[in-house]
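Quick caveat, the model's predicted, so the values are computed rather than measured. Chain letters run A, B, ... following the sequence lines, proteins first and then strands; every chain starts at 1.
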There are 2 protein chains.
Amino acid sequence: MASDTKTALLDFAEQAARARGFDGFSYADLAKSVGIRKASIHYHFPTKAELSEALMDRYHETISAKCAEITASSEKASDRLLGLVNLYRTALNEGKTLCLCVSFTASHQSLSDAVNAKISAFRSAIVKWLQSVFALGKDDASISGVSEPQLEAFATLAVLEGAHLAARADEDVAVFDQAVAVLVARCK
Amino acid sequence: MASDTKTALLDFAEQAARARGFDGFSYADLAKSVGIRKASIHYHFPTKAELSEALMDRYHETISAKCAEITASSEKASDRLLGLVNLYRTALNEGKTLCLCVSFTASHQSLSDAVNAKISAFRSAIVKWLQSVFALGKDDASISGVSEPQLEAFATLAVLEGAHLAARADEDVAVFDQAVAVLVARCK
DNA sequence: GTCTATATCAGGATAGAC
DNA sequence: GTCTATCCTGATATAGAC
């Protein structure tokens with residue numbers, strides 16, 4: 001079926017982009033993974049720019065849905081924060097893949113304006129969600145030492161993404177855990 | 001002179017690598033910038049892998065020297081920490097370039113084992129320096145809320161690198177400032 | 001040390017048959 | 001929707017003259 005091929009292409013492209021960056025995977029790689037010829041990929045995604053836009057759109061939706069899930073299933077702010085930390089931890093795949101946002105941000109110069117705009121929008125959405133978590137954490141006192149919720153949100157996204165990079169450098173998820181340990185310790 | 005050409009090549013290569021990533025610059029780019037033919041670059045750096053090793057070596061030395069300078073010129077732990085924050089802030093070049101370590105870490109898959117080992121070593125050195133700063137900060141009380149110095153060091157490097165990424169995404173140094181605001185506020 | 005010339009390969013993309 | 005065939009460009013790298 002056509003849509004299955006499209007989904008398979010997105011799946012492989014996302015893994016490849018997260019493992020090797022936007023410049024690090026090619027239509028030839030995807031063709032081999034999915035089992036069709038590289039020219040056929042252009043039927044589904046005429047250009048690599050359009051493919052990467054589709055990638056960001058799907059990624060944004062997926063993560064937003066997971067954040068909504070976390071919100072729905074946790075009452076305490078600390079549990080919500082730990083839920084996001086765990087989401088990032090899982091995305092590491094034992095240090096083999098970054099999250100798409102970190103990978104694409106590093107590839108900034110190679111990406112279309114449209115994709116870069118989507119990355120900014122994604123970041124804003126995550127920060128907004130984190131901000132509400134810290135605001136709640138200030139109220140329910142489940143997160144210690146909360147100052148300004150918005151600034152805590154900016155700092156937290158930075159720590160998570162920086163921890164991803166550090167873990168990727170050593171291909172070791174334990175490095176991620178070390179980098180977020182101070183943050184995790186604030187959760188009661 | 002020969003060595004001037006070599007230095008010029010390293011200078012341009014570093015800027016290019018930080019702006020566009022390891023996969024994002026070529027010998028043709030360097031040739032144009034330095035004013036020689038691309039084949040001539042191979043006289044100085046036979047392969048791109050050797051060029052990137054030289055880049056990391058020089059980068060490690062440069063940053064280590066700057067850290068030593070900061071240590072020498074500041075008594076208080078908070079001033080040392082702020083000195084490093086400012087070093088990273090400057091390296092952003094108004095959001096146009098990442099630091100070499102972040103850029104190369106994201107290019108992990110494309111780099112030689114030798115370069116990746118140098119990146120790990122560089123990270124360890126920075127963490128070690130930060131750890132000593134936080135240990136001092138616990139003693140002189142110039143940094144508030146210090147828990148375990150080593151964990152604070154890991155978290156701080158992550159915040160700095162994550163803040164770099166965030167600022168790069170929007171090409172706006174103000175985004176860096178927002179991401180490190182909580183850290184800076186701990187400095188007395 | 002730098003040049004010209006070239007080898008080799010891989011990238012994204014298109015045309016047109018089936 | 002997928003194929004074969006092809007185009008064009010640009011990448012790293014080498015050989016050998018100057």
Side-chain angles (χ1 to χ4, degrees), chain A residues 1-56 100 103-104 106-116, chain B residues 1-56 100 103-104 106-116:
Chain A
M1 226 188 300
S3 59
D4 278 351
T5 301
K6 196 163 189 171
T7 302
L9 284 169
L10 286 171
D11 289 345
F12 278 104
E14 182 178 324
Q15 283 307 113
R18 288 168 52 184
R20 305 194 288 274
F22 177 79
D23 294 314
F25 77 96
S26 68
Y27 273 33
D29 298 330
L30 299 186
K32 212 157 104 180
S33 301
V34 174
I36 58 176
R37 298 297 181 155
K38 65 174 182 167
S40 309
I41 302 177
H42 291 275
Y43 170 80
H44 301 282
F45 302 103
T47 66
K48 206 179 173 186
E50 287 169 84
L51 168 60
S52 48
E53 284 178 44
L55 237 30
M56 272 308 301
L100 191 64
S103 174
F104 269 10
S107 304
H108 186 263
Q109 193 97 352
S110 302
L111 300 170
S112 69
D113 291 347
V115 175
N116 281 324
Chain B
M1 223 187 301
S3 60
D4 279 350
T5 302
K6 196 162 187 170
T7 302
L9 284 169
L10 286 171
D11 289 344
F12 278 104
E14 182 178 327
Q15 283 308 113
R18 289 167 51 185
R20 304 194 287 274
F22 177 79
D23 294 314
F25 78 95
S26 68
Y27 273 33
D29 299 330
L30 299 185
K32 211 157 105 178
S33 300
V34 174
I36 60 176
R37 297 298 181 154
K38 63 177 182 166
S40 308
I41 301 177
H42 290 277
Y43 170 78
H44 301 282
F45 303 102
T47 65
K48 205 180 174 185
E50 287 170 83
L51 169 59
S52 48
E53 283 178 44
L55 237 31
M56 271 309 299
L100 191 63
S103 173
F104 269 9
S107 304
H108 186 265
Q109 191 96 354
S110 302
L111 299 170
S112 70
D113 291 347
V115 176
N116 281 325

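Across the protein-nucleic acid pair, B/Ile41 atom CD1 and D/dA11 atom C1' stand 12 Å apart, rounded to whole Å. Taking atom CD of A/Glu50 as the reference point, atom C1' of C/dG12 lies 13 Å away to the nearest angstrom. Atom-to-atom, CZ of B/Arg37 to P of C/dT2 comes out at 13 Å; the value is rounded to the nearest Å. We find that NZ of A/Lys38 is positioned 10 Å from P of C/dA10, with the value rounded to whole Å. Taking atom CZ of A/Phe45 as the reference point, atom P of C/dT14 lies 16 Å away to the nearest angstrom. Counting to the nearest Å, the C1' atom of D/dT9 and the CG atom of B/Asp29 are 14 Å from each other. Computed from coordinates, the A/Lys32 NZ to D/dT2 P distance equals 20 Å when rounded to whole Å. For B/His42 and C/dT2, the NE2 to C1' distance is 13 Å, given to the nearest whole Å.
OP1 or OP2 of C/dT2 sits under 4.0 Å from a side-chain N or O of B/His44. Look at B/Ser40 and you won't find any side-chain N or O under 4.0 angstrom from OP1 or OP2 of C/dG1. OP1 and OP2 of C/dG12 both lie 4.0 Å or more from every side-chain N or O belonging to A/Thr47. Here A/Thr5 does not reach the OP1 or OP2 of D/dG1: none of its side-chain N or O atoms lies under 4.0 Å away. A sub-4.0 Å separation between OP1 or OP2 of D/dG1 and a side-chain N or O of A/Tyr43 is present.
Ring planes of B/Phe22 and B/Phe104: perpendicular class, angle over 60° (limits at 30 and 60°).
Counting heavy atoms from C-beta on, the side chains of B/Phe25 and B/Phe12 never come closer than 4.5 Å. When side chains are defined from C-beta on, A/Ile41 does not count as touching A/Val34, because their heavy atoms never get closer than 4.5 Å.
Ion pairing of B/Asp23 with A/Arg20 is absent here, as no side-chain N (NZ or NE/NH1/NH2) approaches a carboxylate O to less than 4.0 Å.
Cation-pi contact between A/Lys32 and A/Tyr27: absent, since separation from the ring centre below 6.0 Å together with deviation from the ring axis within 45° is not met.
Of the candidates C/dG12, D/dT2, D/dA13, C/dG12 carries the atom nearest the A/Lys48 side chain, counting heavy atoms from C-beta on. Of the candidates D/dA13, C/dT4, D/dA5, the closest approach to any side-chain atom of B/Ala39 belongs to C/dT4.
Heavy-atom distances under 4.0 Å link DNA chain D to B/Phe25, B/Ser26, B/Tyr27 of residues 18-27 of chain B, given in residue order.
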